[in-house]
Amino acid sequence: MKLDRLGDFQRTHRNGDLRLDHAGQTVRLLGWCRRVRNLGSLVFLDLRDRWGLVQLVANEETADPELLAKLKAVRSEFVLAAEGVVAERESKNPNMATGDVEIRLTGLRILNTAAPLPFPLEDEGVGEDLRLTHRFLDLRRDQLQRNLQLRSETTNLIRNHFRELDFVEIETPILTKSTPEGARDYLVPSRVHPGEFFALPQSPQLFKQLLQVSGFERYIQICRCFRDEDLRADRQPEFTQVDLEMSFVRQEDIQGVVEPLMVKLARTVGREVSAPFPRLPFRDAMEWYGSDKPDLRCDIRIQDATPLFAASGFNLFRSAADSQGQRRVRALFFPGEMAAALSRKQLDELQEVAKQLGAGGLPYAKWGKDGLSSSFKKFLEPADEVALRQHLGAAGEGLAIFAVGTDAQTSRILGDLRLRLARQFGQLDEARFAFLWVVDFPLLEWNEEHQRFVACHHPFTSPHPDDLDLLETDPGACRAVAYDLVLNGFEVGGGSIRIHDAETQSRLFQIIGIGAAEARSKFGFLLDALSYGAPPHGGLALGLDRLVMLLAGVDNIREVIAFPKTAQARCLMTNAPGPVDERQLRELHLLPETRQTYRVGAVFFESAEGGNAELRGQALQQISQLTPRQAQGLVTLDPHGQILDAQSISGPTFDF
RNA sequence: GGGGUUGUAGCUCAGUCGGUUAGAGUGCCAGCCUGUCACGCUGGAAGUCGCGGGUUCGAGCCCCGUCAGCCCCGCCA
């Protein structure tokens, strides 16, 4: 098809803006054909641009035949420039913002054609692999257009918020240094320095701290971070952080600049939240919700039921009660008919889920229309049942589920089931934005694999001032001045007050197994900086992708990233990662240089098991006679054909 | 690294107990159609049943392996 040129054509209006007020005006529009409805001598076409949709029309009686023919040739997603007169419609469409008007065409340019799309833009439920392969088309869809516009508005609002608070935006390096601790680094080989590597930043953590030493008391950056770890619905190998750091602050000061931002952001999507947000110590979060990022849209809490079973005939529970706190019986009670009506089959399915989470089974007690039913009913005397109901606050109908084990085990099981069942029973208030701060995280945790303590947050986090004495005596009990911002069960931010003196920093490195020498070589610049007048400082990083995901009301960060990777960390559109030319690898010293020295000639192979000096001598003599260049080698092989020893005898070498 | 799940027409899916030529809706192509807006009507083309191997007289269906998408565990300071 012969294409028309854009030429000096300029749009006069955005498609979505046209209203009855414009009736009679001649307008020029640009966009994509969403759909043609060809009724024979009357043709309609919906023209889409970034701002909306408007109907174009031409009919046989009034339109130029050439224009009508051109219009009929248009297919979905053709790119058009249209000129026409805004007119009131004969039959209006109340479902469309521009549904009262249509454009009676006086001119049409076909700027480009389009092949039939591999998937419809209108439908939900298209396979995600297909969408990712043709992401540039997927991004035409309304939902993604809205999500990315929301993301843009969000970053604008964030920048404005911090600019008003006098923050400075500073960029930090993408090519930086690999550091121990933390996630696996993405590495970039250096061409200039053979065998050496840059690392892409897991976060600009150290740079922002150094900027505090430099006197930028309020720093902000919206920056890309990289972690070479396995993916999840809310984790991509590259993601965006809103990174901030302030000097001369306490935890409350950081929270104080972030909370009003969250209030504003929530408002952009029509949610009202009020600051200050609840502060929940880590210990309570684990105790009540079995999670360090509890979803407070449901207020059901895990309860300790251990003492109730101190004299129980139910061995499983009583043995926990006898364990002096090593193991506990913990429970969740879901009130309501829906919970009480859970069938045997559903309970079995739930038990399977619990087993997946590491439970041995799923003891339950259910109070429904027919009274009590329980997997341990025979151990429940009437008095026990009354005590149990009272303890759990189970007045009416409902379902109690139990988990036995260490706190880590029971938290994991009940934390997961709490969310699953709350959602199933409609006890999760989907309309709410439930922000909170989880505070008082432990500073360190014991790592079995490495047989040492590792930092829970990162090794620059300040120990809680009250716990400084514990650092060497009981490191696991030492709290950190660290805080996570949680929204609806997602960690959307995390931060801490940092260590700002070289001595404490060195102490901490020591405790996590980084000796003085290693600390010097890996973090010398930080220790130096801390010794030249580093102010007390702290900050936080927000996960922009997760935040926008929650604002957009979607359940996957790929929906708010223009070009995301699959769960296997691949880009289906570009097919990255992919192989590269050998030449590139050589430049980066990842392959040996091209020029190599080869020795050519005959080779005598000898078994390692039974060599015979005399035979060998004869063979070598024969070989030497056979080869004009007198090039020979002696190679010893093991029984599997592996080379044990290669000894060159003589002969010239050749360069290739 | 482990577990679960999905893979059939461009797309979304159905496909019975293993049995004749693998279907539907939609999209696409052609014709008709003056008020459509998920236009309508008629007709047509369209398949490496993800890939490889096996069992069987016979495999979309059963078995083994493998690849890819998604979810989860480990991992993610």
Side-chain angles (χ1 to χ4, degrees), chain A residues 34-47 53-63 68 72 75-77 87-96 98-99 102 104 114-134 137 179-185 202-203 205-206 225-237 239 352-353 355-358 412 416 420 441-445 447-450 453-461 480 482 491 494 496 508-509 512 514 541 543 555-556 558 565-570 572 575:
Chain A
R34 190 181 73 146
R35 191 187 295 278
V36 186
R37 290 177 294 279
N38 181 352
L39 277 62
S41 47
L42 179 69
V43 181
F44 299 99
L45 184 155
D46 293 333
L47 189 71
L53 203 62
V54 72
Q55 175 169 282
L56 314 180
V57 65
N59 74 52
E60 210 164 47
E61 281 170 18
T62 55
L68 199 66
K72 285 181 178 178
R75 296 289 177 268
S76 291
E77 301 303 312
E88 183 168 3
R89 285 202 199 182
E90 244 174 71
S91 47
K92 296 178 178 170
N93 183 349
N95 300 320
M96 246 173 122
T98 60
E102 62 192 3
R104 308 231 160 110
L117 264 42
F119 57 88
L121 300 187
E122 319 293 324
D123 295 10
E124 297 297 316
V126 175
E128 196 171 359
D129 43 350
L130 193 69
R131 292 173 49 203
L132 290 175
T133 307
H134 307 274
L137 295 178
T179 54
E181 302 288 301
R184 202 173 287 119
D185 287 318
Q202 297 171 29
S203 85
Q205 180 60 35
L206 289 173
C225 303
F226 307 86
R227 293 177 190 177
D228 187 6
E229 297 292 346
D230 288 342
L231 287 71
R232 291 286 188 279
D234 62 348
R235 270 163 37 188
Q236 283 272 304
F239 60 100
E352 278 313 303
V353 175
K355 283 180 175 171
Q356 293 283 317
L357 294 164
R412 181 182 151 111
D416 187 284
R420 197 179 290 264
F441 278 86
L443 182 69
L444 302 158
E445 66 186 343
N447 183 297
E448 279 297 327
E449 188 190 343
H450 298 109
F453 280 98
V454 297
C456 287
H457 187 56
H458 57 54
F460 320 111
T461 301
E491 177 194 335
S496 62
L508 210 94
F509 282 150
I512 61 173
I514 299 177
D555 57 9
N556 192 305
R558 292 187 299 272
K565 311 274 188 288
T566 67
Q568 299 304 314
R570 182 172 285 285
L572 294 181
N575 257 321

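The chains referred to below are lettered A, B, ... by the order of the sequence lines, with proteins before strands, and numbering in each begins at 1. Quick caveat, the model's predicted, so the values are computed rather than measured.
The shortest distance between side-chain heavy atoms of A/M96 and A/R89 falls below 4.5 Å. Counting only heavy atoms from C-beta outward, the side chains of A/L444 and A/I512 approach each other to under 4.5 Å. Contact annotation: the side chain of A/R37 approaches that of A/D46 to within less than 4.5 Å [non-hydrogen atoms, C-beta and beyond]. With contacts defined as side-chain heavy-atom distances shorter than 4.5 Å, the pair A/Q202/A/E181 does not qualify. Residues A/R227 and A/S203 form a side-chain contact, since some pair of their non-hydrogen atoms from C-beta on lies under 4.5 Å apart. Using a 4.5 Å cut-off on side-chain heavy atoms (C-beta onward), A/D416 and A/Q356 make no contact.
Rounding to whole angstrom units, CG of residue A/D230 and P of B/C71 are separated by 13 Å. When the C1' atom of B/C33 is taken as reference, atom CG of A/N59 falls 14 Å away, rounded to whole Å. Note: CZ (A/R184) to C1' (B/G74) measures 11 Å, nearest angstrom. Rounded to an integer number of Å, the gap from A/R131 CZ to B/G7 P is 19 Å. Counting to the nearest Å, the P atom of B/C37 and the NZ atom of A/K92 are 18 Å from each other. Summarising the geometry, the separation between CD on A/E88 and C1' on B/G35 is reported as 14 Å, rounded to the nearest angstrom. In this entry the distance linking CG of A/N93 with P of B/G35 reads 16 Å, nearest Å. Separating the CG atom of A/D123 from the C1' atom of B/A38 is a distance of 10 Å, rounded to the nearest angstrom.
Within the 4.0 Å cut-off from OP1 or OP2 of B/G74, at least one side-chain nitrogen or oxygen of A/R412 is found. OP1 or OP2 of B/C29 sits under 4.0 Å from a side-chain N or O of A/R75. Considering only side-chain N and O atoms, A/R235 lies nowhere under 4.0 angstrom from the phosphate OP1 or OP2 of B/C75. Applying the 4.0 Å criterion to OP1 and OP2 of B/C75, one finds that A/R227 has every side-chain N and O outside that range. Using a 4.0 Å cut-off, no side-chain N or O of A/R420 falls inside it from OP1 or OP2 of B/C71. OP1 or OP2 of B/C39 lies within a sub-4.0 Å distance of a side-chain N or O belonging to A/R37. Between A/S91 and B/G35 there is no side-chain N or O to OP1 or OP2 distance below 4.0 Å. Taking 4.0 angstrom as the limit, A/N38 places none of its side-chain polar atoms (N or O) nearer than this to OP1 or OP2 of B/U34.
Both A/F460 and A/E128 lie close to RNA chain B; mapped to their nearest nucleotides by heavy-atom distance, the more 5′-ward contact belongs to A/E128. Each of A/L117 and A/K565 has a nearest nucleotide on RNA chain B; the 5'-most of these lies closest to A/L117.
Note on A/P459: a base of the nucleic acid sits closer than 4.0 angstrom, heavy atoms only. If you check every strand for non-hydrogen atoms under 4.0 Å, A/V126 touches sugar and phosphate atoms only. In this structure, A/L130 reaches the sugar-phosphate backbone alone: every heavy-atom distance under 4.0 Å involves primed, P, OP1 or OP2 atoms, never a base. Within the 4.0 angstrom heavy-atom criterion, base atoms lie near A/R232. Among the heavy atoms of the strands lying under 4.0 Å from A/S203 is at least one base atom, whether or not backbone atoms are also near. Note on A/Q568: only backbone sugar-phosphate atoms sit closer than 4.0 angstrom, heavy atoms only; bases stay farther off.
When distances run from any side-chain atom of A/S41 to the nucleotides B/C70, B/G35, B/U34, the shortest one goes to B/U34. In the set B/C33, B/C75, B/C11, the nucleotide with an atom closest to the side chain of A/P120 is B/C11. For A/A183, taking side-chain heavy atoms from C-beta onward, the closest of the listed nucleotides B/C76, B/G35, B/A38 is B/C76. Listed nucleotides: B/G10, B/C70, B/G35. Nearest to the side chain of A/R104: B/G35. Residue A/L42 places its side chain closer to B/U34 than to any other of B/G69, B/U34, B/C73. For A/Q55, taking side-chain heavy atoms from C-beta onward, the closest of the listed nucleotides B/C39, B/C70, B/C37 is B/C37. Of the candidates B/U34, B/C70, B/U12, B/U34 carries the atom nearest the A/L39 side chain, counting heavy atoms from C-beta on.
Remark: the separation of the P atoms in B/C13 and B/A9 is 11 Å, to the nearest Å. Rounded to the nearest Å, the gap between the C1' atom of B/G65 and that of B/G23 is 30 Å. When the C1' atom is compared between B/G52 and B/C57, the two are found 23 Å apart, to the nearest whole Å. Here the separation of B/G27 from B/C72, taken at their C1' atoms, is 35 Å to the nearest Å. With both ends at atom P, the span from B/G44 to B/A24 equals 11 Å, rounded to whole Å. Rounded to whole Å, the P atom of B/G25 lies 16 Å from the corresponding atom of B/A14. Comparing B/G7 with B/C76, their C1' atoms sit 30 Å apart, to the nearest whole Å. Rounded to the nearest Å, the gap between the C1' atom of B/G19 and that of B/C62 is 14 Å.
Applying the 5.5 angstrom centroid cut-off and the 30 degree plane-angle cut-off, the aromatic ring of A/F119 is not stacked upon the base of B/C11.
Side-chain to base pairing of A/E60 with B/U34: no donor and acceptor N or O lie closer than 3.5 Å to each other. Put simply, the side chain of A/E102 and the base of B/G35 share a donor and an acceptor less than 3.5 Å apart.
Between the side chain of A/D123 and the backbone N or O of A/V126, no donor-acceptor pair lies under 3.5 Å.
Pairing for B/A24 goes to B/U12, judged as Watson-Crick or G-U wobble with the two contacts each under 3.5 Å. Remark: B/G65 base-pairs with B/C51. Criterion, Watson-Crick or G-U wobble with two distances under 3.5 Å. Of the nucleotides present, none pairs with B/A45 by Watson-Crick or G-U wobble criteria with both distances under 3.5 Å. Base-pair partner of B/G40: B/C32 (Watson-Crick or G-U wobble, both distances under 3.5 Å). When Watson-Crick and G-U wobble pairs are counted only if both distances are under 3.5 Å, B/A59 pairs with no nucleotide at all.
A salt bridge does not link A/R235 with A/D230: none of the charged nitrogens is closer than 4.0 Å to a carboxylate oxygen.
For the atom pair CD of A/Q236 and SG of A/C225, the computed distance is 13.5 Å after rounding to the nearest 0.5 Å.
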request  = Test A/R104 against A/E102 for salt bridge (Lys or Arg N to Asp or Glu O under 4.0 Å), laying out the working first.
outcome  = CA-CA 6 Å; A/R104 308 231 160 110; A/E102 62 192 3; 3.3 Å; yes

